Amino acid sequence: MPRGQKALDLDDVRPDVRATTRPPGRVVRVVPDVAGIAKRFDYVVPARLDDQVEVGTVVRIDLHGRRVAGWVVEVDVETPPDVDLKELARVTGVGPSPDLVALADWAAWRWAGRPRTFLRAASPPGRVRGDVTRPPVTRCQAPSDRPSPVTVRRVPPAADRYPIVTSAIEETAGDALVLCPSVAQARALADRLRRDGRPTALVAHDQPGTAAAGEWARAAAGGCTVVGARAGAWAPVPRLGQVVVLDEHDEAYAEEGSPTWHARDVVLERAARAEVPVLLVSSNPTLEALAAGVLVAPERSAERRGWPALEVVDRREEDPAAGMLTEPLAALLRRAGRVLCVVNRTGRSRLSACAICREVVACATCEGPVIQPDEDTLRCTRCGTERPVLCHICGSTRFRVLRPGVSRLREELAALVGEPVDEVTGAAAAVPTSRVVVGTEAVLHRVTTADAVAFLDIDQELLAPRERAREQAFALLARAARLVRGREEHGRLLVQTRRPEDVVIQAALHADPARVAEAEAEVRRTFRLSPFAAVADVSGVAAPAFVAALGRPPGIEVQGGGGAWRIRADDHTTLCAALAAVERPPGRLRIDVDPLRA
DNA sequence: CGGACAAGCTGA
DNA sequence: CAGCTTGTCCGG
């Protein structure tokens with residue numbers, strides 16, 4: 001064909017075809033708030049909305065016949081003039097500031113997720129219309145030779161964090177962002193700051209009614225301290241001057257769902273971008289924190305005073321079949337006031353029933369009672385026969401716990417002390433009132449003060465088949481220490497163990513968290529775990545396709561198979577670049593960057 | 001995600 | 001081969 005005859009004809013017939021297919025106006029790029037759509041789409045801003053649209057604005061768009069929400073992530077986008085574009089349907093309200101939109105992009109890269117997750121976290125709960133007076137984002141950098149120092153402040157477990165927060169607020173040029181492990185703790189802190197006459201905004205998505213949107217708008221307006229929990233890492237703080245993370249070691253800062261982002265790491269990046277300092281506060285700082293900042297530890301004597309006295313009950317000489325109620329424990333129960341007994345036996349049970357056929361599990365050989373000593377084994381208490389966790393009636397592997405270990409211990413303890421003993425497990429909501437309480441570690445969250453905490457079987461925590469088992473065990477001891485307070489206030493801990501020399505026990509005994517950190521660092525360096533390497537676990541039906549597409553790029557190590565893989569690199573830059581280079585195969589896929597458990 | 005559309009399956 | 005199910009693609 002010598003010339004584009006057909007195209008010429010079209011132009012002749014409809015000379016203004018281009019002007020009519022695309023409405024006039026600025027073009028913006030929008031991330032739709034729809035799960036499963038990773039793409040961004042361009043829309044024209046109608047003239048009537050022109051002054052309301054900027055990066056971060058929450059809009060509604062027509063997408064494939066549906067009207068959905070989305071975020072403007074780029075403005076004044078250059079697009080070829082012949083591309084047909086729709087108009088934005090409407091402006092819903094104010095959204096994340098441009099710096100948080102950029103941070104959401106970074107987080108999507110860092111945790112191999114989608115920006116939508118983070119844009120949601122950075123958006124107001126409900127609707128916030130354009131009447132938010134948002135000051136321009138400014139740098140509030142305190143004069144310093146280091147651009148954005150990260151300080152790890154180790155404190156004794158029972159030390160009051162409040163003076164640390166207030167002095168940080170007073171030293172901050174600009175507004176401080178303070179994170180707590182739970183919304184309840186954040187609310188308590190915000191209340192206390194307000195009672196002290198300090199302007200404060202509590203940013204949490206699960207607040208009742210319209211309060212949440214109001215608090216968000218107050219934070220966005222600036223001029224107050226902003227307090228929040230994990231999602232508070234994404235709170236609007238226009239004149240950010242410092243970030244404080246309380247109980248930095250708390251695993252509540254890690255999102256369990258995919259993407260598995262961590263609030264500590266989000267604020268470290270956020271503060272670095274804003275060139276403001278970060279203060280990580282903990283009685284037992286993580287290795288990640290220690291790798292990110294400079295440790296400031298208390299005086300040895302002050303730290304020792306701040307930890308309770310620890311009684312170690314060496315059970316090595318005892319008959320393994322003997323009960324958990326040792327003589328030193330009985331003495332503590334008689335002597336101390338309120339005693340919390342902790343035994344983490346969730347999911348492992350003294351008596352189980354098949355979840356499908358409801359048959360109570362009994363020994364297949366002698367019909368004797370069966371216990372579940374670990375995840376994979378059922379053992380007859382009468383004849384000792386072991387078998388896998390499998391219903392011998394219907395073959396099901398799902399079991400219902402009828403009487404977890406805690407229930408049995410409650411009976412034994414009540415008989416020993418001759419008074420009622422309350423029981424606390426994860427599910428039960430009631431606050432226990434008895435003097436002696438037994439429960440899983442949930443008891444340490446449910447009760448606010450105690451005179452003593454006894455760990456009936458700390459070995460279960462020390463030897464748990466999890467990578468962070470010892471760190472978690474030590475965190476458990478620190479939490480208990482916080483409840484009973486320091487030795488000067490007669491706080492007491494008791495641990496029953498067959499590993500009295502374990503570094504976790506020794507660290508608590510000497511009130512020296514550095515011992516755990518050093519021992520853990522050794523292990524993690526050897527096994528190339530965080531913070532000495534960057535790790536991601538890949539699972540789900542699409543995992544084989546993902547790993548195949550990933551290949552073996554330089555600097556990337558791939559282990560595993562059979563449905564679950566571990567990807568490893570020296571640093572996150574290498575790891576995340578490799579993960580981002582893979583086009584996501586269809587199907588369910590979980591990429592767990594920085595996995596907490598293995 | 002969820003609608004559109006294409007390719008495969010079934011019953012007359 | 002209509003009428004339906006199942007699967008894959010795509011959205012501005």
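The structure displayed is predicted, hence computed values, not measured ones. Residue numbers start from 1 in every chain, and the chains themselves are labelled A, B, ... in the order their sequence lines are given, proteins ahead of strands.
- Within the structure, the salt bridge (Lys or Arg N to Asp or Glu O under 4.0 Å) test picks out the following pairs touching residues 218-237 of chain A (sequence neighbours left out): A:E215-A:R218, A:R230-A:E255.
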Let me have the donor-acceptor pairs involving side chains of residues 554-561 of chain A, under 3.5 Å, with sequence neighbours excluded, atom names and distances please.
residue : atom : partner : partner atom : Å
A:E557  : OE1  : A:R528  : NH1          : 2.6
A:E557  : OE2  : A:Q559  : NE2          : 3.3
A:Q559  : OE1  : A:R568  : NH2          : 3.0

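- Every residue two or more places apart in sequence or in another chain that forms a side chain to side chain donor-acceptor pair (under 3.5 Å) with A:R110 is listed here: A:H572, A:D594.
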Anything under 3.5 Å between a donor and an acceptor, one on a side chain of residues 48-58 of chain A, the other on a protein residue two or more places apart or in another chain? List them.
residue : atom : partner : partner atom : Å
A:D50   : OD1  : A:R26   : NE           : 3.0
A:T57   : OG1  : A:E54   : N            : 2.9
A:T57   : OG1  : A:E54   : O            : 2.9

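- Taking A:R590 as the reference, A:D592 meet the side chain to side chain donor-acceptor pair (under 3.5 Å) condition, with sequence neighbours excluded.
- In summary, A:R566 and A:E467 engage in a salt bridge, as defined by a charged side-chain N under 4.0 Å from a carboxylate O.
- The side chain to side chain donor-acceptor pair (under 3.5 Å) check on A:T573 picks up nothing, with sequence neighbours excluded.
- Every residue two or more places apart in sequence or in another chain was checked for a ring pair (Phe, Tyr, Trp, His ring centres under 6.0 Å) with A:W71, and none qualifies.
- A heavy atom lying under 4.0 Å from DNA chain C marks the following residues of residues 28-57 of chain A, by number: A:I37, A:K39, A:F41, A:D42, A:Y43.
- Judged as a salt bridge (Lys or Arg N to Asp or Glu O under 4.0 Å), and not counting sequence neighbours, A:E461 has no contacts.
- At a non-hydrogen distance threshold of 4.0 Å, A:L63, A:H64, A:R66 from residues 60-74 of chain A come into contact with DNA chain C.
- Mapping heavy-atom proximity under 4.0 Å, the span of DNA chain C touched by chain A runs 5' to 3' from C:dG11 to C:dG12.
- A search for side chain to side chain donor-acceptor pair (under 3.5 Å) contacts involving A:S282 returns A:H249, not counting sequence neighbours.
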